[in-house]
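Everything numeric here is computed off the predicted structure, so don't read it as measured data. Start at 1 with the first residue, then count along the sequence.
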Amino acid sequence: MDTYAPIVLAAGKGTRMRSTLPKVLHQVAGLPLLAHVLNAIDATPSTAAFAPLKSTTTAHRPIVVLGYEAEPVETAFGERCLYALQEEQLGTGHAVLAAEKIVNELNPVPETILVCYGDTPLISGELLARVLSEHLTNQATLTFLTAIAEQTSDFGRVVRNEDGQVCEIVEVKRATEEQKHINEVNSGVYCFDHSWLWPALHALPRNASGEYYLTDLIAVASSQGCKIVTVRGTLDETIGINDRVQLATAERLLRSRVLEQLMYAGVTILDPASTYIDANVEIGPDTVILPGTMITGKTRIGSACRIGPGTTIAESILGNGCIVLNSVLEETTLEDGVRIGPFSHCRPGAHLARNVRMGNFGEVKNSYIGAETDMHHFSYVGDATIGKHVNIGAGSITCNYDGVKKNHTTVGDGASIGSDTMLVAPVTVGEYAKTGAGSVVNRDVPPGAVVVGVPAHVLHMPQPSDGSRTEDVEKE
Ligand code: UD1
Ligand code: CA
(Lines give C-alpha, C1' and ligand atoms only; values in the text may rest on other atoms or scores of the structure.)
(Ligands and ions follow the chains in the order given, each with its own letter.)
Protein backbone atom coordinates (compact mmCIF):
# COMPACT_ATOMS: atom_id res chain seq x y z
CA MET A 1 0.00 0.00 0.00
CA ASP A 2 1.28 3.48 -0.92
CA THR A 3 1.01 6.17 1.69
CA TYR A 4 1.77 9.84 1.44
CA ALA A 5 2.47 12.49 4.05
CA PRO A 6 1.38 16.07 3.39
CA ILE A 7 3.78 18.71 4.71
CA VAL A 8 2.57 22.32 4.86
CA LEU A 9 5.17 25.07 5.25
CA ALA A 10 3.96 27.82 7.54
CA ALA A 11 6.97 28.94 9.54
CA GLY A 12 7.64 32.23 7.79
CA LYS A 13 6.91 35.53 9.49
CA GLY A 14 5.30 36.93 6.40
CA THR A 15 7.34 40.13 6.59
CA ARG A 16 5.56 41.61 3.59
CA MET A 17 2.20 41.43 5.42
CA ARG A 18 3.52 44.01 7.94
CA SER A 19 1.58 42.38 10.74
CA THR A 20 2.07 40.95 14.22
CA LEU A 21 -0.22 38.05 13.27
CA PRO A 22 1.50 35.00 11.72
CA LYS A 23 0.78 35.09 8.00
CA VAL A 24 -1.16 31.82 7.86
CA LEU A 25 -3.66 33.12 10.44
CA HIS A 26 -4.72 36.01 8.21
CA GLN A 27 -8.17 35.23 6.87
CA VAL A 28 -9.84 34.98 3.49
CA ALA A 29 -13.56 34.23 3.22
CA GLY A 30 -13.68 34.03 7.01
CA LEU A 31 -11.09 31.27 7.45
CA PRO A 32 -7.34 31.45 8.14
CA LEU A 33 -5.14 30.88 5.07
CA LEU A 34 -3.87 27.64 6.59
CA ALA A 35 -7.42 26.32 7.11
CA HIS A 36 -8.08 26.56 3.38
CA VAL A 37 -4.94 24.59 2.60
CA LEU A 38 -5.82 21.93 5.21
CA ASN A 39 -9.35 21.70 3.79
CA ALA A 40 -7.87 21.02 0.35
CA ILE A 41 -5.61 18.32 1.83
CA ASP A 42 -8.61 16.73 3.58
CA ALA A 43 -10.63 16.80 0.37
CA THR A 44 -7.89 15.22 -1.77
CA PRO A 45 -8.84 11.52 -1.37
CA SER A 46 -12.48 12.15 -2.27
CA THR A 47 -11.80 13.99 -5.55
CA ALA A 48 -12.24 12.60 -9.04
CA ALA A 49 -8.53 13.07 -9.81
CA PHE A 50 -7.67 10.77 -6.93
CA ALA A 51 -9.97 7.97 -8.07
CA PRO A 52 -7.33 5.98 -10.03
CA LEU A 53 -5.20 5.75 -6.85
CA LYS A 54 -7.91 5.26 -4.30
CA SER A 55 -7.61 1.64 -3.35
CA THR A 56 -3.89 1.75 -2.76
CA THR A 57 -3.06 5.23 -1.53
CA THR A 58 -3.78 6.65 1.89
CA ALA A 59 -2.81 9.87 3.61
CA HIS A 60 -1.15 10.59 6.90
CA ARG A 61 -2.25 13.50 9.06
CA PRO A 62 -0.76 16.75 7.66
CA ILE A 63 2.50 17.92 9.21
CA VAL A 64 2.60 21.70 9.56
CA VAL A 65 6.01 23.33 9.87
CA LEU A 66 5.82 26.31 12.23
CA GLY A 67 8.37 28.83 13.41
CA TYR A 68 7.42 32.45 13.90
CA GLU A 69 4.60 32.63 16.50
CA ALA A 70 3.96 28.89 16.43
CA GLU A 71 1.73 28.84 19.49
CA PRO A 72 -1.35 30.69 18.19
CA VAL A 73 -1.28 28.54 15.06
CA GLU A 74 -1.14 25.31 17.11
CA THR A 75 -3.94 26.60 19.32
CA ALA A 76 -6.06 27.36 16.27
CA PHE A 77 -5.62 23.94 14.63
CA GLY A 78 -4.99 21.58 17.58
CA GLU A 79 -5.19 17.85 16.88
CA ARG A 80 -5.99 18.36 13.24
CA CYS A 81 -2.26 18.34 12.36
CA LEU A 82 1.13 17.25 13.58
CA TYR A 83 3.57 20.10 14.13
CA ALA A 84 7.27 20.44 13.36
CA LEU A 85 9.30 23.39 14.56
CA GLN A 86 11.70 25.27 12.31
CA GLU A 87 13.45 27.41 14.86
CA GLU A 88 15.26 29.64 12.40
CA GLN A 89 13.63 30.42 9.08
CA LEU A 90 16.41 29.54 6.66
CA GLY A 91 14.27 28.88 3.63
CA THR A 92 11.67 26.48 2.28
CA GLY A 93 14.14 23.58 1.86
CA HIS A 94 15.29 24.01 5.45
CA ALA A 95 11.61 24.08 6.50
CA VAL A 96 10.86 20.70 4.89
CA LEU A 97 13.91 19.25 6.63
CA ALA A 98 12.41 20.31 9.96
CA ALA A 99 9.65 17.74 9.33
CA GLU A 100 12.00 14.84 8.60
CA LYS A 101 12.00 13.40 12.10
CA ILE A 102 8.20 13.34 12.36
CA VAL A 103 7.87 11.78 8.91
CA ASN A 104 10.30 9.01 9.80
CA GLU A 105 8.32 8.23 12.93
CA LEU A 106 5.11 7.71 10.93
CA ASN A 107 3.86 4.18 10.65
CA PRO A 108 4.12 3.11 7.88
CA VAL A 109 6.83 5.48 6.71
CA PRO A 110 5.30 7.21 3.63
CA GLU A 111 6.68 6.55 0.17
CA THR A 112 5.61 9.96 -1.08
CA ILE A 113 5.92 13.42 0.44
CA LEU A 114 3.42 16.04 -0.71
CA VAL A 115 4.65 19.56 0.08
CA CYS A 116 2.54 22.68 -0.17
CA TYR A 117 2.72 26.17 1.26
CA GLY A 118 0.42 27.50 3.97
CA ASP A 119 -0.07 30.77 2.09
CA THR A 120 -1.91 29.41 -0.99
CA PRO A 121 -5.57 29.38 0.13
CA LEU A 122 -7.12 28.80 -3.29
CA ILE A 123 -5.53 25.42 -3.77
CA SER A 124 -8.12 22.66 -4.18
CA GLY A 125 -8.16 18.98 -3.27
CA GLU A 126 -8.70 18.20 -6.95
CA LEU A 127 -5.42 19.90 -7.88
CA LEU A 128 -3.42 18.24 -5.09
CA ALA A 129 -4.84 14.91 -6.22
CA ARG A 130 -3.75 15.58 -9.81
CA VAL A 131 -0.17 16.24 -8.67
CA LEU A 132 -0.18 13.06 -6.55
CA SER A 133 -1.73 10.96 -9.23
CA GLU A 134 0.68 12.13 -11.96
CA HIS A 135 3.60 11.59 -9.59
CA LEU A 136 2.63 8.03 -8.71
CA THR A 137 1.54 6.88 -12.14
CA ASN A 138 4.76 8.25 -13.71
CA GLN A 139 6.88 6.86 -10.88
CA ALA A 140 8.63 10.22 -10.79
CA THR A 141 11.34 11.33 -8.37
CA LEU A 142 9.84 14.78 -8.20
CA THR A 143 6.61 16.29 -9.50
CA PHE A 144 5.54 19.90 -9.17
CA LEU A 145 2.71 22.18 -10.12
CA THR A 146 3.17 25.06 -12.55
CA ALA A 147 1.01 27.84 -13.95
CA ILE A 148 1.24 30.53 -16.60
CA ALA A 149 1.66 33.97 -15.06
CA GLU A 150 2.31 37.53 -16.14
CA GLN A 151 5.91 38.67 -16.36
CA THR A 152 5.55 40.95 -13.36
CA SER A 153 4.65 38.11 -10.99
CA ASP A 154 6.85 37.20 -8.02
CA PHE A 155 6.70 33.43 -8.59
CA GLY A 156 9.79 31.34 -9.23
CA ARG A 157 10.41 30.81 -12.97
CA VAL A 158 10.52 27.30 -14.46
CA VAL A 159 13.60 26.99 -16.66
CA ARG A 160 13.51 24.28 -19.36
CA ASN A 161 16.16 23.16 -21.88
CA GLU A 162 15.70 23.06 -25.70
CA ASP A 163 13.98 19.69 -25.36
CA GLY A 164 11.45 21.19 -22.99
CA GLN A 165 12.82 19.31 -20.01
CA VAL A 166 12.86 21.06 -16.65
CA CYS A 167 16.36 22.13 -15.55
CA GLU A 168 15.71 24.37 -12.56
CA ILE A 169 13.46 26.84 -10.79
CA VAL A 170 14.92 30.33 -10.50
CA GLU A 171 13.55 32.78 -7.94
CA VAL A 172 12.85 36.24 -9.36
CA LYS A 173 15.53 37.95 -7.33
CA ARG A 174 18.17 35.66 -8.80
CA ALA A 175 16.73 35.47 -12.32
CA THR A 176 18.46 36.94 -15.34
CA GLU A 177 16.51 39.43 -17.46
CA GLU A 178 15.91 36.65 -19.95
CA GLN A 179 14.65 34.27 -17.25
CA LYS A 180 12.29 36.95 -15.90
CA HIS A 181 10.50 36.76 -19.26
CA ILE A 182 9.62 33.09 -18.69
CA ASN A 183 5.89 32.91 -18.05
CA GLU A 184 5.78 29.37 -16.67
CA VAL A 185 6.03 29.65 -12.90
CA ASN A 186 6.29 27.44 -9.84
CA SER A 187 2.97 27.18 -7.98
CA GLY A 188 4.51 25.68 -4.86
CA VAL A 189 3.00 22.16 -4.73
CA TYR A 190 5.44 19.25 -4.93
CA CYS A 191 5.52 15.47 -4.62
CA PHE A 192 8.80 13.80 -3.77
CA ASP A 193 9.94 10.24 -3.63
CA HIS A 194 10.62 9.84 0.08
CA SER A 195 13.87 7.90 -0.29
CA TRP A 196 15.32 10.54 -2.63
CA LEU A 197 14.12 13.65 -0.78
CA TRP A 198 15.91 13.48 2.56
CA PRO A 199 19.46 12.78 1.40
CA ALA A 200 19.03 15.43 -1.31
CA LEU A 201 17.86 18.00 1.23
CA HIS A 202 20.74 17.23 3.59
CA ALA A 203 23.18 17.72 0.72
CA LEU A 204 21.62 21.02 -0.41
CA PRO A 205 24.05 23.92 0.02
CA ARG A 206 23.07 27.39 1.14
CA ASN A 207 22.44 29.47 -1.96
CA ALA A 208 23.56 33.00 -2.77
CA SER A 209 20.70 34.39 -0.66
CA GLY A 210 22.05 32.51 2.36
CA GLU A 211 19.03 30.19 2.43
CA TYR A 212 18.15 26.62 1.59
CA TYR A 213 15.49 26.76 -1.11
CA LEU A 214 13.25 23.78 -1.73
CA THR A 215 13.15 24.95 -5.33
CA ASP A 216 16.91 24.34 -5.66
CA LEU A 217 16.14 20.60 -5.49
CA ILE A 218 14.82 20.77 -9.04
CA ALA A 219 18.31 21.55 -10.41
CA VAL A 220 19.72 18.73 -8.26
CA ALA A 221 17.20 16.20 -9.60
CA SER A 222 17.80 17.39 -13.15
CA SER A 223 21.59 17.05 -12.88
CA GLN A 224 21.14 13.52 -11.51
CA GLY A 225 18.95 12.62 -14.49
CA CYS A 226 15.98 11.89 -12.21
CA LYS A 227 12.46 11.84 -13.59
CA ILE A 228 10.82 15.25 -13.11
CA VAL A 229 7.14 15.65 -13.98
CA THR A 230 5.19 18.91 -14.08
CA VAL A 231 1.44 19.38 -13.75
CA ARG A 232 -0.23 22.52 -15.10
CA GLY A 233 -2.75 24.34 -12.94
CA THR A 234 -4.26 27.80 -13.28
CA LEU A 235 -2.86 30.85 -11.60
CA ASP A 236 -6.10 31.58 -9.75
CA GLU A 237 -5.87 28.28 -7.90
CA THR A 238 -2.34 28.83 -6.71
CA ILE A 239 -2.05 32.49 -5.86
CA GLY A 240 0.35 32.86 -2.92
CA ILE A 241 -0.32 35.49 -0.29
CA ASN A 242 2.76 37.55 0.50
CA ASP A 243 1.16 40.96 1.08
CA ARG A 244 -2.24 42.54 1.71
CA VAL A 245 -2.83 43.33 -1.94
CA GLN A 246 -2.58 39.61 -2.72
CA LEU A 247 -4.78 38.95 0.34
CA ALA A 248 -7.50 41.12 -1.21
CA THR A 249 -7.09 39.39 -4.58
CA ALA A 250 -7.49 35.99 -2.91
CA GLU A 251 -10.54 37.26 -1.04
CA ARG A 252 -12.16 38.34 -4.30
CA LEU A 253 -11.39 35.05 -6.05
CA LEU A 254 -12.48 32.88 -3.16
CA ARG A 255 -15.61 34.90 -2.56
CA SER A 256 -16.76 34.48 -6.13
CA ARG A 257 -16.02 30.76 -5.88
CA VAL A 258 -18.18 30.51 -2.71
CA LEU A 259 -21.02 32.50 -4.31
CA GLU A 260 -20.91 30.38 -7.46
CA GLN A 261 -21.15 27.18 -5.44
CA LEU A 262 -24.17 28.57 -3.58
CA MET A 263 -25.85 29.66 -6.81
CA TYR A 264 -25.31 26.24 -8.41
CA ALA A 265 -26.85 24.75 -5.25
CA GLY A 266 -30.05 26.75 -5.74
CA VAL A 267 -29.49 30.05 -3.89
CA THR A 268 -30.41 33.26 -5.73
CA ILE A 269 -27.82 36.01 -5.27
CA LEU A 270 -29.08 39.21 -6.82
CA ASP A 271 -25.81 41.11 -6.82
CA PRO A 272 -22.71 38.96 -6.26
CA ALA A 273 -20.51 42.07 -6.35
CA SER A 274 -22.02 43.41 -3.13
CA THR A 275 -22.57 40.07 -1.37
CA TYR A 276 -19.96 38.70 1.06
CA ILE A 277 -20.42 35.13 2.25
CA ASP A 278 -17.82 33.14 4.20
CA ALA A 279 -16.64 29.74 3.03
CA ASN A 280 -18.28 27.85 5.93
CA VAL A 281 -21.78 29.31 5.51
CA GLU A 282 -24.58 26.93 4.45
CA ILE A 283 -27.70 28.19 2.67
CA GLY A 284 -30.71 26.18 1.52
CA PRO A 285 -32.26 26.25 -1.96
CA ASP A 286 -34.66 28.98 -3.05
CA THR A 287 -33.29 31.42 -0.53
CA VAL A 288 -32.76 34.85 -2.07
CA ILE A 289 -29.83 37.03 -0.98
CA LEU A 290 -30.33 40.72 -1.74
CA PRO A 291 -27.56 43.30 -2.28
CA GLY A 292 -25.29 44.64 0.44
CA THR A 293 -25.43 41.50 2.56
CA MET A 294 -22.60 39.95 4.58
CA ILE A 295 -22.99 36.45 6.07
CA THR A 296 -20.10 35.17 8.15
CA GLY A 297 -18.79 32.38 10.36
CA LYS A 298 -20.62 29.07 10.64
CA THR A 299 -24.00 30.58 9.79
CA ARG A 300 -26.68 28.17 8.51
CA ILE A 301 -29.69 29.49 6.66
CA GLY A 302 -32.64 27.33 5.61
CA SER A 303 -34.51 27.30 2.34
CA ALA A 304 -36.90 29.87 0.89
CA CYS A 305 -35.61 32.73 3.05
CA ARG A 306 -35.22 36.31 1.89
CA ILE A 307 -32.11 37.98 3.31
CA GLY A 308 -31.22 41.64 2.79
CA PRO A 309 -30.76 44.12 1.38
CA GLY A 310 -28.26 45.66 3.76
CA THR A 311 -28.08 42.79 6.22
CA THR A 312 -25.26 41.36 8.33
CA ILE A 313 -25.57 37.86 9.80
CA ALA A 314 -22.78 36.30 11.88
CA GLU A 315 -22.61 32.84 13.49
CA SER A 316 -26.37 32.35 13.37
CA ILE A 317 -28.90 29.66 12.54
CA LEU A 318 -32.01 30.48 10.52
CA GLY A 319 -34.84 28.07 9.73
CA ASN A 320 -36.87 27.99 6.53
CA GLY A 321 -38.93 30.87 5.18
CA CYS A 322 -37.37 33.63 7.28
CA ILE A 323 -37.24 37.24 6.13
CA VAL A 324 -34.48 39.53 7.37
CA LEU A 325 -34.53 43.05 6.00
CA ASN A 326 -31.85 45.72 6.67
CA SER A 327 -30.89 44.15 9.99
CA VAL A 328 -27.98 42.72 12.00
CA LEU A 329 -28.00 39.22 13.56
CA GLU A 330 -25.18 37.90 15.77
CA GLU A 331 -25.14 34.41 17.34
CA THR A 332 -28.89 34.28 16.90
CA THR A 333 -31.35 31.47 16.27
CA LEU A 334 -34.45 32.07 14.17
CA GLU A 335 -36.97 29.27 13.80
CA ASP A 336 -39.06 28.89 10.63
CA GLY A 337 -41.03 31.85 9.33
CA VAL A 338 -39.50 34.60 11.48
CA ARG A 339 -39.63 38.12 10.03
CA ILE A 340 -37.07 40.68 11.14
CA GLY A 341 -36.67 44.32 10.24
CA PRO A 342 -36.25 46.72 8.84
CA PHE A 343 -33.48 48.04 11.11
CA SER A 344 -33.44 45.51 13.92
CA HIS A 345 -30.57 44.00 15.88
CA CYS A 346 -30.47 40.50 17.36
CA ARG A 347 -27.48 40.16 19.64
CA PRO A 348 -25.84 36.98 20.99
CA GLY A 349 -28.24 34.54 22.58
CA ALA A 350 -31.37 35.79 20.81
CA HIS A 351 -33.72 32.90 19.99
CA LEU A 352 -36.88 33.77 18.12
CA ALA A 353 -39.37 30.93 17.79
CA ARG A 354 -41.60 30.16 14.83
CA ASN A 355 -43.29 33.10 13.08
CA VAL A 356 -42.10 35.81 15.45
CA ARG A 357 -42.41 39.22 13.85
CA MET A 358 -39.83 41.73 15.02
CA GLY A 359 -40.21 45.06 13.38
CA ASN A 360 -38.63 48.41 13.07
CA PHE A 361 -35.75 49.34 15.38
CA GLY A 362 -36.06 46.37 17.74
CA GLU A 363 -33.23 44.86 19.77
CA VAL A 364 -33.15 41.43 21.38
CA LYS A 365 -30.29 40.04 23.46
CA ASN A 366 -29.91 36.77 25.35
CA SER A 367 -33.65 36.10 25.23
CA TYR A 368 -36.16 33.54 24.07
CA ILE A 369 -39.20 34.87 22.27
CA GLY A 370 -42.05 32.39 21.88
CA ALA A 371 -43.83 31.48 18.67
CA GLU A 372 -46.17 33.94 16.96
CA THR A 373 -45.13 36.81 19.20
CA ASP A 374 -45.20 40.33 17.74
CA MET A 375 -42.69 43.03 18.59
CA HIS A 376 -43.15 45.54 15.88
CA HIS A 377 -41.73 48.88 16.88
CA PHE A 378 -38.84 50.36 18.90
CA SER A 379 -38.52 47.69 21.61
CA TYR A 380 -35.64 46.25 23.64
CA VAL A 381 -35.83 42.74 25.08
CA GLY A 382 -32.76 41.63 27.03
CA ASP A 383 -32.29 38.67 29.41
CA ALA A 384 -35.93 37.68 29.02
CA THR A 385 -38.17 34.72 28.37
CA ILE A 386 -41.22 35.78 26.41
CA GLY A 387 -44.09 33.35 25.84
CA LYS A 388 -45.99 32.64 22.65
CA HIS A 389 -48.71 34.86 21.16
CA VAL A 390 -47.45 37.84 23.14
CA ASN A 391 -47.89 41.35 21.80
CA ILE A 392 -45.10 43.74 22.74
CA GLY A 393 -46.34 47.27 22.12
CA ALA A 394 -44.28 50.05 20.58
CA GLY A 395 -41.42 51.38 22.67
CA SER A 396 -41.60 48.70 25.39
CA ILE A 397 -38.38 47.89 27.18
CA THR A 398 -37.00 45.33 29.61
CA CYS A 399 -35.02 47.36 32.17
CA ASN A 400 -32.65 44.45 32.75
CA TYR A 401 -29.69 46.25 34.30
CA ASP A 402 -29.93 47.64 37.84
CA GLY A 403 -26.49 49.24 37.68
CA VAL A 404 -24.79 46.20 39.15
CA LYS A 405 -26.18 43.07 37.55
CA LYS A 406 -28.45 41.87 34.77
CA ASN A 407 -31.89 40.67 35.87
CA HIS A 408 -34.38 38.40 34.15
CA THR A 409 -37.84 39.23 32.81
CA THR A 410 -40.51 36.61 32.15
CA VAL A 411 -43.67 37.27 30.17
CA GLY A 412 -46.28 34.51 29.98
CA ASP A 413 -48.12 33.24 26.89
CA GLY A 414 -50.75 35.53 25.44
CA ALA A 415 -49.77 38.58 27.50
CA SER A 416 -50.21 42.01 26.02
CA ILE A 417 -47.56 44.60 26.83
CA GLY A 418 -48.95 48.10 26.22
CA SER A 419 -46.98 50.70 24.35
CA ASP A 420 -44.06 52.23 26.24
CA THR A 421 -44.19 49.73 29.12
CA MET A 422 -41.02 49.55 31.25
CA LEU A 423 -40.57 46.03 32.65
CA VAL A 424 -38.24 46.60 35.61
CA ALA A 425 -36.43 43.28 36.07
CA PRO A 426 -36.47 40.97 37.87
CA VAL A 427 -40.18 40.79 37.09
CA THR A 428 -42.77 38.33 35.81
CA VAL A 429 -45.87 39.17 33.82
CA GLY A 430 -48.35 36.28 34.04
CA GLU A 431 -50.10 34.57 31.15
CA TYR A 432 -52.75 36.69 29.40
CA ALA A 433 -52.02 39.68 31.63
CA LYS A 434 -52.10 43.19 30.17
CA THR A 435 -50.09 46.29 30.93
CA GLY A 436 -51.42 49.74 30.10
CA ALA A 437 -49.60 52.21 27.91
CA GLY A 438 -46.76 53.92 29.75
CA SER A 439 -46.86 51.64 32.80
CA VAL A 440 -43.71 51.03 34.83
CA VAL A 441 -43.99 47.43 36.00
CA ASN A 442 -41.73 46.81 39.01
CA ARG A 443 -43.75 44.06 40.67
CA ASP A 444 -44.96 40.71 39.33
CA VAL A 445 -48.28 40.82 37.48
CA PRO A 446 -50.64 37.89 38.19
CA PRO A 447 -51.98 35.89 35.25
CA GLY A 448 -54.89 37.60 33.53
CA ALA A 449 -54.52 40.87 35.50
CA VAL A 450 -54.57 44.32 33.94
CA VAL A 451 -52.05 46.78 35.40
CA VAL A 452 -51.57 50.48 34.69
CA GLY A 453 -49.62 53.49 35.96
CA VAL A 454 -46.31 54.47 37.44
CA PRO A 455 -45.51 52.32 39.30
CA ALA A 456 -48.05 49.94 37.83
CA HIS A 457 -51.00 48.87 39.99
CA VAL A 458 -53.74 46.35 39.34
CA LEU A 459 -56.74 47.82 37.56
CA HIS A 460 -58.56 44.58 36.99
CA MET A 461 -58.17 41.02 38.28
CA PRO A 462 -59.79 38.13 36.46
CA GLN A 463 -62.64 36.42 38.35
CA PRO A 464 -63.07 32.64 38.18
CA SER A 465 -65.79 33.04 35.49
CA ASP A 466 -63.95 35.87 33.74
CA GLY A 467 -63.50 35.07 30.05
CA SER A 468 -60.76 37.66 29.57
CA ARG A 469 -58.04 35.02 29.37
CA THR A 470 -59.08 33.81 25.95
CA GLU A 471 -61.29 36.54 24.57
CA ASP A 472 -58.87 38.34 22.34
CA VAL A 473 -55.98 35.90 22.20
CA GLU A 474 -55.72 33.23 19.62
CA LYS A 475 -54.70 30.09 21.53
CA GLU A 476 -52.61 27.37 19.91
C1 UD1 B 1 7.83 30.37 -3.01
C2 UD1 B 1 8.74 29.63 -3.98
C3 UD1 B 1 8.47 30.15 -5.39
C4 UD1 B 1 7.00 29.92 -5.73
C5 UD1 B 1 6.08 30.53 -4.68
C6 UD1 B 1 4.68 30.04 -4.90
C7 UD1 B 1 10.78 29.04 -2.75
C8 UD1 B 1 12.20 29.40 -2.52
N9 UD1 B 1 10.12 29.84 -3.61
O10 UD1 B 1 8.18 31.74 -3.03
O11 UD1 B 1 9.28 29.46 -6.33
O12 UD1 B 1 6.74 30.47 -7.00
O13 UD1 B 1 6.47 30.15 -3.36
O14 UD1 B 1 3.79 30.61 -4.01
O15 UD1 B 1 10.30 28.05 -2.24
N16 UD1 B 1 8.46 29.13 4.86
C17 UD1 B 1 8.87 28.40 5.95
N18 UD1 B 1 10.17 28.53 6.38
C19 UD1 B 1 11.06 29.31 5.75
C20 UD1 B 1 10.63 30.06 4.63
C21 UD1 B 1 9.32 29.94 4.20
O22 UD1 B 1 8.09 27.66 6.55
O23 UD1 B 1 12.20 29.36 6.21
C24 UD1 B 1 7.05 29.01 4.42
C25 UD1 B 1 6.31 30.33 4.49
O26 UD1 B 1 5.66 30.46 5.73
C27 UD1 B 1 5.33 30.20 3.34
C28 UD1 B 1 5.97 29.23 2.37
O29 UD1 B 1 7.02 28.60 3.07
O30 UD1 B 1 4.08 29.66 3.75
C31 UD1 B 1 6.54 29.93 1.13
O32 UD1 B 1 7.46 30.93 1.54
P33 UD1 B 1 7.46 32.36 0.89
O34 UD1 B 1 8.50 33.17 1.56
O35 UD1 B 1 6.09 32.90 0.85
O36 UD1 B 1 7.97 31.99 -0.59
P37 UD1 B 1 7.69 32.80 -1.91
O38 UD1 B 1 8.63 33.94 -1.97
O39 UD1 B 1 6.27 33.07 -2.09
CA1 CA C 1 4.46 32.93 -0.79
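Shown here for Leu142 and His135, the closest heavy-atom pair between the two residues is N-CE1, 3.9 Å. Considering all non-hydrogen atoms of both residues, Leu217 and Trp196 come closest at O-CH2, 3.7 Å. Shortest non-hydrogen contact noted between Gly319 and Asp336 is CA-OD1, 3.3 Å. The two residues Tyr4 and Thr44 have their closest heavy-atom pair at OH-CG2, 3.9 Å. Closest of all the heavy-atom pairs between Ala350 and Cys346 is CB-CB, 3.9 Å. The shortest heavy-atom contact between Leu25 and Ala76 is CD2-CB, 4.1 Å.
Using a 4.5 Å cut-off on side-chain heavy atoms (C-beta onward), Ile41 and Leu128 make contact. Side-chain contact check for Ile7 versus Pro62: every heavy-atom pair is 4.5 Å or farther apart. Looking at Lys180 and Ile182, their side chains never come closer than 4.5 Å, going by heavy atoms from C-beta outward. Between Thr312 and Thr293 there is no side-chain heavy-atom pair separated by less than 4.5 Å. For the pair Asp278/Lys298, no side-chain contact is recorded, criterion being any heavy-atom separation below 4.5 Å from C-beta on. Put simply, the side chain of Ile307 reaches to within 4.5 Å of the side chain of Ile313, judged on heavy atoms. Val166 has its side chain within reach of Thr230: a pair of non-hydrogen atoms, C-beta onward, lies under 4.5 Å apart. Counting only heavy atoms from C-beta outward, the side chains of Pro22 and Lys13 never approach each other to under 4.5 Å.
One side chain, Asn242 or Lys23, offers a donor N or O that lies under 3.5 Å from an acceptor on the other. Under the 3.5 Å distance criterion, with hydrogens and angles disregarded, no donor-acceptor pair is assigned to the side chains of Asn400 and Thr398. Checked by atom type, the side-chain pair Ser303/Asn320 shows a donor-acceptor distance below 3.5 Å. Under 3.5 Å, the side chains of Glu237 and Thr234 contain a donor-acceptor pair of N or O atoms. Using a 3.5 Å distance cut-off with no hydrogens or angles, the side chains of Thr332 and His351 do not pair a donor with an acceptor. No side-chain N or O of Gln89 forms a donor-acceptor pair with one of His94 less than 3.5 Å apart. With no hydrogens or angles considered, a side-chain donor-acceptor pair links His194 and Trp198 at under 3.5 Å. Side-chain polar atoms of Asp402 and Asn407 form a donor-acceptor pair below 3.5 angstrom.
A salt bridge links Arg80 to Asp42: one of the charged nitrogens lies within less than 4.0 Å of a carboxylate oxygen. Between Glu184 and Arg232 there is a salt bridge, since a side-chain N of the basic residue sits under 4.0 Å from a carboxylate O of the acidic one. Under the 4.0 Å criterion applied to side-chain N and carboxylate O atoms, Glu171 and Arg174 are not assigned as salt-bridge partners.
Thr287 contributes a side-chain N or O that, together with a main-chain N or O of Ala304, makes up a donor-acceptor pair within less than 3.5 Å. Put simply, the side chain of Asp163 never gets that close to the backbone of Gln165: no donor and acceptor are under 3.5 Å apart. Side chain of Ser327 to main chain of Val324: no donor-acceptor pair is present (N/O by atom type, distance under 3.5 Å, no hydrogens or angles). The closest donor-acceptor contact from the side chain of Thr47 to the backbone of Ala43 lies at 3.5 Å or more, if one exists at all. When atom types are taken as modelled, the side chain of Gln86 and the backbone of Gly67 share no donor-acceptor pair closer than 3.5 angstrom. No donor-acceptor pair under 3.5 Å is formed between the side chain of Thr120 and the backbone N or O of Cys116. Looking only at distances, no side-chain donor or acceptor of Arg347 sits under 3.5 Å from a matching main-chain atom of Gly382. A donor-acceptor pair is defined here as one N or O able to donate and one able to accept, closer than 3.5 Å; such a pair exists between the side chain of Thr75 and the backbone of Glu71. Looking only at distances, a side-chain donor or acceptor of Thr137 sits under 3.5 Å from a matching main-chain atom of Ser133. Counting only distance, with no hydrogens or angles, the side chain of Thr275 and the backbone of Asp271 share a donor-acceptor pair below 3.5 Å.
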Passes side-chain contact (heavy atoms from CB on, under 4.5 Å), Leu38 versus Phe77? Steps please.
CA-CA 10 Å; Leu38 294 175; Phe77 293 94; 3.6 Å; yes
Under the criterion side-chain contact (heavy atoms from CB on, under 4.5 Å), I'd like the reasoning laid out for Arg300 against Leu318: C-alpha separation, chi angles, the key distance, then a yes or no.
CA-CA 6 Å; Arg300 278 203 326 260; Leu318 280 66; over 6 Å; no
Step-by-step side-chain contact (heavy atoms from CB on, under 4.5 Å) determination, Thr311 to Leu325
CA-CA 6 Å; Thr311 291; Leu325 170 66; 5.6 Å; no
Does Leu204 form a side-chain contact (heavy atoms from CB on, under 4.5 Å) with Val220? I'd like the steps, not just the answer.
CA-CA 8 Å; Leu204 195 67; Val220 173; 4.1 Å; yes
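Rounding to the nearest 0.5 Å gives a distance of 12.0 Å between CZ of Arg357 and CD1 of Ile369. To the nearest 0.5 angstrom, Gln179 atom CD is 9.5 Å from Arg157 atom CZ. Between the CG atom of Asn280 and the CD atom of Glu315 there is a distance of 9.0 Å, given to the nearest 0.5 Å. Note that CG of Leu33 and NE2 of His26 are 8.0 Å apart. Values are rounded to the nearest 0.5 Å. Annotation: the span from Ile301 atom CD1 to Arg306 atom CZ amounts to 14.0 Å, rounded to 0.5 Å.
The salt bridge (charged side-chain N to carboxylate O under 4.0 Å, His left out) analysis of residues 121-137, with sequence neighbours excluded, yields no pairs.
More than 12 heavy atoms of other residues, nucleotides or ligands shown are found within 6.0 angstrom of CD on Gln151. Within a 6.0 Å sphere centred on CD of Glu87, heavy atoms belonging to other residues, nucleotides or ligands number 12 at most. Other residues, nucleotides and ligands place no more than 12 heavy atoms under 6.0 Å from the CZ atom of Arg339. By the neighbour-count criterion of 12 heavy atoms within 6.0 Å, atom CD of Glu105 is densely surrounded, having more than that number from other residues, nucleotides or ligands. More than 12 heavy atoms of other residues, nucleotides or ligands sit less than 6.0 Å from atom CZ of Arg257.
In this structure Asp383 satisfies the salt bridge (charged side-chain N to carboxylate O under 4.0 Å, His left out) test together with Lys365, sequence neighbours excluded.
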Side-chain atoms of residues 261-269: list all donor-acceptor pairs with protein atoms under 3.5 Å, sequence neighbours left out, distances to 0.1 Å.
none

